[in-house]
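Everything below concerns the one structure shown next.
Numbering starts at 1 and runs along the sequence shown. Please read all numbers here as calculations on a predicted model, not as lab measurements. Both ligands and their constituent atoms are indexed starting at 1 by order of listing.
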Amino acid sequence: MKKRIGVLLSGRGSNFEALAESVAAGRIPNAEISIVISNREGAPGIERAESRGIGTRVIPSKGLERETYDRQVAAVLEEHKIDLICLAGYMRLLSPYFVAKFPNRILNIHPSLLPSFPGLESQRQALEYGVKVAGCTVHFVDENLDAGPIILQSVVPVKDDDTEESLNARILKEEHRIYSEAVRIVLEGKYKIEGRRVLRTN
Ligand code: GAR
């Protein structure tokens with residue numbers, strides 16, 4: 001039986017697209033993206049999913065209390081019998097209800113070397129701080145922002161002539177690579193969690 005992935009996004013959807021490419025190319029074997037959910041109307045990621053023939057749902061979050069909203073999303077994920085939830089540019093903090101419902105089954109990609117620069121505009125934060133390396137992180141999601149045990153990270157240099165855009169682009173390329181790799185590791189169950197550490201097995 002193929003493992004069923006649900007993707008939550010709010011915008012562009014390039015990480016979704018990278019995951020979809022990896023599934024299609026067999027880099028994430030025995031899996032399918034069963035549903036893509038956006039909390040924002042008009043998210044380009046939804047169009048990208050539709051053009052790949054993947055099922056989509058837009059569930060607007062505006063004005064809804066966090067848990068009320070998350071219950072709606074959880075119901076759709078359950079309806080689709082989702083094994084793994086991938087946040088891909090999903091710009092919402094999850095409620096404790098949602099996190100408890102899917103323990104160790106929610107992954108997030110973040111454009112910094114966590115725990116540095118959580119939150120918004122991480123690449124700009126990195127440039128302003130003056131770090132010489134930056135990168136991205138795939139981690140399990142807990143109820144805190146951009147926290148949870150780290151599965152993979154990738155490091156890129158920060159160059160003297162970098163702008164936010166050039167650094168974004170360098171990091172994004174790595175995001176697309178390590179997100180697929182992390183999803184494969186998790187779906188194959190080739191890891192164990194000890195405290196905050198995610199250790200690879202066999
Ligand atoms: C990505 O850079 C992702 O790491 C970031 O949003 C962007 C979404 O791009 N996520 C976060 O900042 C989460 N805290 P995409 O829609 O093209 O995948």
Side-chain angles (χ1 to χ4, degrees), residues 5-24 27-28 33 35-52 54 56-61 66 69-70 73 84-95 98-99 102 106-129 131 133-156 158 162-183 186:
I5 300 170
V7 173
L8 306 190
L9 53 74
S10 305
R12 181 176 58 181
S14 76
N15 276 288
F16 150 70
E17 191 104 53
L19 291 176
E21 281 293 323
S22 292
V23 168
R27 288 188 297 275
I28 303 175
I33 299 180
I35 183 82
V36 176
I37 301 173
S38 170
N39 67 312
R40 288 198 191 138
E41 315 239 18
I46 286 291
E47 259 179 50
R48 287 180 167 202
E50 280 168 357
S51 66
R52 286 179 170 271
I54 295 174
T56 62
R57 286 284 264 277
V58 176
I59 309 177
S61 55
R66 195 174 299 285
Y69 179 75
D70 281 358
V73 175
L84 186 69
I85 300 160
C86 292
L87 309 186
Y90 187 60
M91 296 317 202
R92 281 183 64 81
L93 195 58
L94 298 175
S95 61
F98 191 93
V99 174
F102 303 104
I106 313 169
L107 306 189
N108 182 42
I109 178 95
H110 183 76
S112 77
L113 295 172
L114 291 171
S116 292
F117 313 128
L120 296 175
E121 301 187 322
S122 306
Q123 301 92 333
R124 189 212 297 230
Q125 292 185 56
L127 275 180
E128 284 176 357
Y129 197 93
V131 292
V133 293
C136 50
T137 303
V138 184
H139 62 92
F140 286 106
V141 172
D142 63 18
E143 56 287 336
N144 299 310
L145 179 67
D146 298 324
I150 291 171
I151 303 161
L152 288 175
Q153 291 187 301
S154 180
V155 178
V156 303
V158 178
D162 263 335
T163 59
E164 217 178 310
E165 289 69 36
S166 62
L167 183 58
N168 270 348
R170 197 173 304 122
I171 293 173
L172 193 62
K173 202 163 162 225
E174 288 304 293
E175 293 187 36
H176 295 164
R177 187 178 65 77
I178 69 169
Y179 209 176
S180 295
E181 203 182 326
V183 168
V186 171

Inset, instruction - Measure from the side-chain N and O atoms of Arg57 to the backbone N and O of Ile35, and report whether any donor-acceptor pair falls under 3.5 Å. - result: no
Legend entry - Residue among Asp70, Asp142, Ile85 satisfying side-chain contact (heavy atoms from CB on, under 4.5 Å) with Leu94: Asp70
Inset, instruction - Give the C-alpha distance, both sets of side-chain angles, the deciding distance and a yes or no for side chain to side chain contact (heavy atoms under 4.5 Å, CB included) between Phe140 and Leu107. - result: CA-CA 5 Å; Phe140 286 106; Leu107 306 189; 3.5 Å; yes
Inset, instruction - Spell out, as yes or no, whether a donor-acceptor pair under 3.5 Å connects the side chain of Gln125 to the backbone of Pro118. - result: yes
Inset, instruction - Answer yes or no: are there more than 12 heavy-atom neighbours, outside Glu50 itself, under 6.0 Å from its atom CD? - result: yes
Legend entry - For ligand 1, the residues whose heavy atoms come within less than 4.0 Å (ordered by chain, then number): Arg12, Gly13, Ser14, Asn15, Gly89, Met91, Ile109, His110, Pro111, Asp146, Glu175
Legend entry - Phe117 backbone acceptor or donor facing Ser122 side chain under 3.5 Å: yes
